[in-house]
Amino acid sequence: MKNGMIECSVCHSKLVPPNTKAFSRAYDLHKSRLSSKQRVLNVLLVVGDCMLVGLQPILVYMSKVDGKFEFSPISVNFLTEAAKVLFAVVMLLLQARNQKVGEKPLLSISTFVQAARNNVLLAVPAFLYAINNYLKFTMQLYFNPATVKMLSNLKVLVIAVLLKMIMKRRFSIIQWEALALLLIGISVNQLRSLPEGSTALGLPVSTGAYVYTLIFVTVPSLASVYNEYALKSQYDTSIYLQNLFLYGYGAIFNFLGILVMAIVKGPSSFDILHGHSRATMFLIANNAAQGILSSFFFKYADTILKKYSSTVATIFTGIASALLFGHKLTMNFVLGISIVFISMHQFFSPISKVKEEEQNGKLEMVDVDDKHRSKDAFINMAAGANEEASHRVGPDERQPLLPT
């Protein structure tokens, strides 16, 4: 290997070794054939995600009574997973009904069993999501809705590190600087956001809140990256079938959580509908729609795009919480969200992809050289074949090589 290139010892052609391992050939083919309609679909996904993610902290805040939850957060998560399972089943039936002749039936037992074996890894992000969904309610006890959304943006940096480690993604220096700006913006907004005079788990509120923040950032980041890996590694499988497994695992884990709560607090806590109101029903519908959109992001788009779209929802959450609940939009929030938007623009700017384009240019030049070398080699081979065909065998060459 010379200068990062592999050189053949026979034809002396140069090849660039791949930096990343493809998750599936079907996904690579889809990515190379990205149409304008699919780009429009990605934009619609971002817009829908911004609305749903921005509305979620508001609904959680509206569900509290005297600063507490009258219902069990695990019951909300279980009902959310059940709603998503129902949606996946309905969409899977519609997709199977519209299948063309000759395609492998989606509803056959063999297809279901094979898909279940291939997508068993989805149980890992489902378990992590079950933990994260409970933490979403706990975080609301320490921060106002706008601050919760700003803290959740810390996931972008953790996701970038995990993408580099697990999926071998490459980011330019400008993109890493954009992520650093994102952290600065979040830190500016977080100043003086902790309530005073309360405790959590026997710890001072600042310590307890930061512990929850660490778990709140790390667990869903790992779940998102692992979910993207699991979905794209089985790209040929129907997304509704994959969602059925993912949401089914999530419903099982949350139901186990309900059983644990019933054992600890008594049989009365087993009532999953206790303490629910109209606001919690809207919250369940919002969470279900948000989870469904996330699966489309992870399979057809990108985890970073998903988290940055959630960042845009921060301004909506801040304005809505100010109008509905009287939360003040401090100067820290204005400066913080401004820095976040600058970071977002810098991360997706064409300038941040210069190094990648230069690398692609090198790849194209190498491909052109390989084509010329292949053509020359073919000409030489053809010329050698013609020379061999036109060569007349002399009497000496007819003698056997071995003695007789």
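- Here CG of L283 is found 15.0 Å from CZ of R278. Values are rounded to the nearest 0.5 Å.
- Remark: the backbone N or O of I339 is not paired with any side-chain donor or acceptor of S343 at under 3.5 angstrom.
- In this structure a side-chain-to-backbone donor-acceptor pair under 3.5 Å is missing from Q234 to L231.
- When side chains are defined from C-beta on, L222 counts as touching I166, because their heavy atoms get closer than 4.5 Å.
- Taking CD1 of I252 as the start and CZ of F127 as the end, the distance is 13.0 Å to the nearest 0.5 Å.
- How far CD1 of I272 is from CD1 of I74: 12.0 Å, rounded to the nearest 0.5 Å.
- Using a 4.5 Å heavy-atom threshold, the side chains of L93 and V89 count as touching.
- At a threshold of 4.0 Å, the pair E103-K100 does not count as salt-bridged, since none of the basic side-chain nitrogens sits closer than that to a carboxylate oxygen.
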- Trace of the side chain to side chain contact (heavy atoms under 4.5 Å, CB included) decision for S221 with L162: CA-CA 8 Å; S221 300; L162 292 176; 4.1 Å; yes
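- Looking only at side-chain heavy atoms (C-beta outward), T280 and F71 come within less than 4.5 Å of each other.
- Inspection of the S75 and H274 side chains reveals no N or O donor paired with an N or O acceptor under 3.5 Å.
- Around CZ of F341, the count of heavy atoms belonging to other residues, nucleotides or ligands within 6.0 Å exceeds 12.
- Residues that satisfy the side-chain hydrogen bond (donor to acceptor under 3.5 Å, both in side chains) test with N286, not counting sequence neighbours, are absent from this structure.
- Looking at S294 and K306, their side chains come closer than 4.5 Å, going by heavy atoms from C-beta outward.
- Using cut-offs of 30° and 60° on the angle between ring planes, the pair F298 and Y129 is parallel.
- Side-chain contact check for Q242 and S295: no donor-acceptor pair (N or O, by modelled atom type) lies under 3.5 Å.
- Atom CG of L94 sits in a crowded spot, with more than 12 heavy atoms from other residues, nucleotides or ligands closer than 6.0 Å.
- Between the side chains of S108 and T111, a donor-acceptor pair is found at a separation under 3.5 Å.
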- Task: Check the pair N254, I258 against side chain to side chain contact (heavy atoms under 4.5 Å, CB included), reporting the backbone distance first and the verdict last.
- Result: CA-CA 6 Å; N254 282 283; I258 293 176; 5.7 Å; no
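- Between I159 and R169 there is no side-chain heavy-atom pair separated by less than 4.5 Å.
- The side-chain contact (heavy atoms from CB on, under 4.5 Å) test with Y240 singles out one residue from L92, L106, V90, and that residue is L92.
- At a threshold of 4.5 Å between non-hydrogen side-chain atoms, the residues L246 and P125 count as touching.
- Evaluation of the side-chain contact (heavy atoms from CB on, under 4.5 Å) rule for F255 yields F78, L259, F270 as partners, not counting sequence neighbours.
- Counting heavy atoms from C-beta outward, E81 and K84 have side chains that approach closer than 4.5 Å.
- Rounding to the nearest 0.5 angstrom, the gap separating the CZ atom in R170 from the CG atom in L163 is 14.5 Å.
- Here the closest heavy-atom approach between residue Q99 and residue K104 is recorded as NE2-O, 2.7 Å.
- The closest side-chain donor-acceptor pair between Q290 and D49, if any, does not fall under 3.5 angstrom.
- Atom CE of M91 sits in a crowded spot, with more than 12 heavy atoms from other residues, nucleotides or ligands closer than 6.0 Å.
- Taking both residues in full, the closest heavy atoms of F253 and A123 are given as CE1-O, 3.4 Å, listed atom of the first, atom of the second, then distance.
- In terms of heavy-atom proximity, A230 sits nearest to L122 at CB-CD2, 3.5 Å.
- Here the CG atom belonging to L45 is positioned 8.5 Å from the CG atom belonging to L305, to the nearest 0.5 angstrom.
- Minimum heavy-atom separation, Y247 to I292: OH-CA, 3.4 Å.
- For F296, the CZ atom sits in a packed shell: over 12 heavy atoms of surrounding residues, nucleotides or ligands are nearer than 6.0 Å.
- Both the sub-6.0 Å distance and the 45° axial angle are satisfied by K299 relative to the ring of Y235.
- Ring to ring, F245 and F112 are close: their centroids are under 6.0 angstrom apart.
- Nearest heavy-atom pair, Y249 versus N119, reported as atom, atom and distance to 0.1 Å: CE1-O, 4.3 Å.
- With rounding to the nearest 0.5 angstrom, the CD1 atom of I174 is 12.5 Å from the CG atom of L179.
- Taking the side chain as every heavy atom from C-beta outward, V124 and N227 never approach each other to under 4.5 Å.
- Closest approach of P220 and N132 over heavy atoms only: CG-OD1, 3.2 Å.
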